[in-house]
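Okay, structure first, notes after.
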Amino acid sequence: MDTVEVIVSLLVVAIIVVSLLSNLLVLICFLYSPEIRSQVPALFILNLTFCNLLLTVCNMPLTLVGIVNKEHPGGAWSCQTAAFLDTFLTTSSMLSMAALSIDRWIAVVFPLSYHSKMRYRDALIGVAYTWLHSLSFSAVPAILSWVGYHQLYASCTLCNAKANGIRGQFVIFTAVFHSLTFLLSLVVLCVTYLKVLKVARFHCKRIDIITMQTLVLLVDIHPSVRQQCLEEQRRRRQRATRKISTFIGTFVLCFAPYVITRMVELFPTVPIDPHWGVVSKCLAYSKAACDPFVYSLLRHQYRKTCGDIINRVLKRRSFDDSSRRVKNGRKNIIQVVE
């Protein structure tokens with residue numbers, strides 16, 4: 001292994017650890033908090049969390065072994081299964097992010113009619129569509145034997161070498177697949193979140209006008225309080241932009257290099273550095289580690305739930321320690337009496 005492969009291997013290990021712990025924490029919060037479970041977007045987050053966990057457990061370790069040993073550790077059947085899961089889980093994750101953006105758009109643009117437009121039944125239909133969409137695009141290459149171990153990505157995935165006889169069909173399938181998964185999800189994310197940002201800026205502008213009118217009327221207000229109000233205005237304007245940029249930016253940064261590499265790979269005359277193929281695959285994997293923080297753990301409700309869980313565990317431990325001290329004290333008293 002050269003230096004790049006060692007660095008990439010360590011990167012995959014870090015992604016596995018962070019993704020596993022963070023997605024498990026999201027799942028624990030979902031199971032612990034009835035308030036989180038009662039919300040409609042929680043179904044999309046739950047689907048995204050399960051996809052990330054399965055991808056972390058089933059595919060990432062195989063890619064790590066592929067980087068180290070430069071071959072798939074199992075047989076043909078296990079490689080086909082891993083390739084099927086890779087396509088299915090990645091597609092389902094992308095569509096779940098698009099569904100979450102649609103939910104946010106409805107909640108912000110139509111706040112009064114949100115509960116009638118987005119119900120549990122509607123969310124279940126959305127999750128069912130993501131599964132059907134993902135199953136269709138992952139089953140076709142598996143049936144046509146277009147999957148196998150791809151040395152460029154050190155993982156079992158779509159493999160153009162398996163479709164030499166019918167290369168034209170493979171090219172068409174790959175273009176349609178990435179257009180209806182990555183490109184479609186990206187368009188939905190951009191359209192919905194930009195509309196959300198427009199509404200958020202409009203509300204921020206109204207709040208700023210009211211704040212400035214209030215500051216003008218309050219002549220005797222302390223300069224530090226005035227400065228604090230202006231600073232809060234600036235943070236409020238930046239908060240919505242920062243969140244939208246995070247949603248869209250992480251999606252593009254993690255998935256775009258891998259998808260572009262897959263499209264460039266369709267042209268045999270264009271050389272691709274073997275190290276870049278593995279790095280682009282790792283970037284796609286890193287989205288599984290980012291999602292829990294982007295969509296869940298940094299939100300106030302999840303932070304509060306995590307705090308409640310920690311406090312409950314600490315209180316139980318302190319109760320156990322106090323009970324243990326009482327028992328030890330009783331034993332000492334008995335020994336002294338005897």
Side-chain angles (χ1 to χ4, degrees), residues 1-27 47-94 96-97 134 138 141-142 146-162 178 181-182 250-262 264-265 272-294 297:
M1 294 179 62
D2 55 19
T3 305
V4 176
E5 291 175 342
V6 172
I7 295 174
V8 172
S9 300
L10 295 175
L11 177 62
V12 174
V13 173
I15 292 173
I16 291 174
V17 173
V18 174
S19 177
L20 187 61
L21 295 178
S22 57
N23 283 285
L24 282 176
L25 184 57
V26 173
L27 186 59
N47 184 52
L48 180 61
T49 301
F50 270 120
C51 291
N52 290 336
L53 280 174
L54 289 175
L55 193 67
T56 302
V57 173
C58 299
N59 290 85
M60 293 186 192
L62 295 179
T63 300
L64 179 61
V65 175
I67 296 173
V68 175
N69 295 337
K70 295 183 172 35
E71 61 180 0
H72 180 64
W77 183 85
S78 63
C79 189
Q80 290 180 356
T81 304
F84 173 86
L85 288 175
D86 180 73
T87 306
F88 177 84
L89 297 174
T90 304
T91 304
S92 183
S93 298
M94 291 183 184
S96 296
M97 297 171 207
S134 304
S138 55
W146 289 349
V147 294
Y149 180 75
H150 204 313
Q151 187 68 42
L152 180 63
Y153 307 103
S155 58
C156 294
T157 182
L158 287 172
C159 189
N160 53 2
K162 299 286 185 177
H178 289 301
T181 52
F182 171 77
T250 54
F251 184 88
V252 174
L253 181 64
C254 294
F255 286 127
Y258 177 69
V259 174
I260 293 174
T261 305
R262 296 306 307 241
V264 171
E265 188 188 357
I272 300 177
D273 187 87
H275 291 148
W276 170 249
V278 177
V279 170
S280 65
K281 189 65 176 178
C282 292
L283 285 175
Y285 283 154
S286 66
K287 193 67 172 72
C290 296
D291 288 340
F293 300 98
V294 172
L297 297 179

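Every heavy atom of this structure was used, including side-chain atoms; hydrogens, water molecules and symmetry mates were not. In this text the structure is predicted, and so the values were computed from the model without any measurement.
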TODO: Look at the side chain of Ser92 and the backbone N and O of Phe88, then say whether any donor-acceptor pair between them is shorter than 3.5 Å.
DONE: no

Task: Closest contact, heavy atoms only, Gln151 versus Lys70 - done: OE1-O, 3.4 Å

Open item on the list: Using the disulfide bond (SG atoms under 2.5 Å apart) criterion, which residues pair with Cys254? Sequence neighbours excluded.
Closed with: none

Task: Min side-chain heavy-atom separation Cys282-Val8 under 4.5 Å - done: yes

Task: N/O donor-acceptor pair under 3.5 Å between Asn52 side chain and Leu48 backbone - done: yes

Open item on the list: Run Ser22 and Leu297 through side chain to side chain contact (heavy atoms under 4.5 Å, CB included) and show every step you take.
Closed with: CA-CA 8 Å; Ser22 57; Leu297 297 179; 4.1 Å; yes

TODO: Taking all non-hydrogen atoms of both residues into account, name the closest pair between Cys58 and Leu85 and its distance.
DONE: CB-CD1, 4.1 Å

TODO: Apply the test side chain to side chain contact (heavy atoms under 4.5 Å, CB included) to residues Leu64 and Ser9: give CA-CA distance (whole Å), side-chain angles for both, the deciding distance (0.1 Å), then the verdict.
DONE: CA-CA 6 Å; Leu64 179 61; Ser9 300; 3.9 Å; yes

- [ ] Look up atom SG in Cys51 and atom NZ in Lys287, then write down how far apart they are to the nearest 0.5 Å.
- [x] 12.5 Å

Open item on the list: Could you check whether Tyr258 and Tyr153 have their ring centres less than 6.0 Å apart?
Closed with: yes

Open item on the list: For the CG atom of Leu152 and the OG atom of Ser280, what is their distance to the nearest 0.5 Å?
Closed with: 6.5 Å

Open item on the list: As a test of understanding, state which of Thr90, Thr63, Asn59 forms a side-chain hydrogen bond (donor to acceptor under 3.5 Å, both in side chains) with Tyr285.
Closed with: Thr63

- [ ] Identify the heavy atoms of Gly148 and Cys79 that sit nearest to each other, and give their distance.
- [x] C-SG, 3.6 Å

TODO: Report the residues that fulfil side chain to side chain donor-acceptor pair (under 3.5 Å) with Tyr149, sequence neighbours left out, ordered by chain and then residue number.
DONE: none

Task: Smallest separation among heavy atoms of Val18 and Ala289, with atom names - done: CG1-CB, 4.0 Å

Task: Point-to-point distance, once rounded to the nearest 0.5 Å, from OG1 of Thr49 to CG of Asp291 - done: 8.0 Å

Task: Expected output: side-chain Ser286 to main-chain Leu283 donor-acceptor under 3.5 Å - done: yes

Open item on the list: Could you check whether any side-chain N or O of Arg262 sits under 3.5 Å from a backbone N or O of Leu158, counting only pairs where one atom can act as donor and the other as acceptor?
Closed with: yes

- [ ] Check Thr261 against Ile272 and note the closest heavy-atom contact, atom names and distance.
- [x] O-CD1, 3.9 Å

Open item on the list: Which residue is it: Asn23, Val17, Leu24? I am looking for the one with a side-chain contact (heavy atoms from CB on, under 4.5 Å) to Leu20.
Closed with: Leu24

Task: Separation between CZ of Phe255 and CE of Met94, rounded to the nearest 0.5 Å - done: 4.5 Å

- [ ] Drop me the distance from Ile15's CD1 to Leu10's CG, to the nearest 0.5 angstrom.
- [x] 11.0 Å

Task: Point-to-point distance, once rounded to the nearest 0.5 Å, from CG of Leu89 to CG of Asn47 - done: 9.5 Å

TODO: Identify the two heavy atoms, one from Val12 and one from Met60, that lie closest to each other, and give their separation to 0.1 Å.
DONE: CG1-O, 4.0 Å

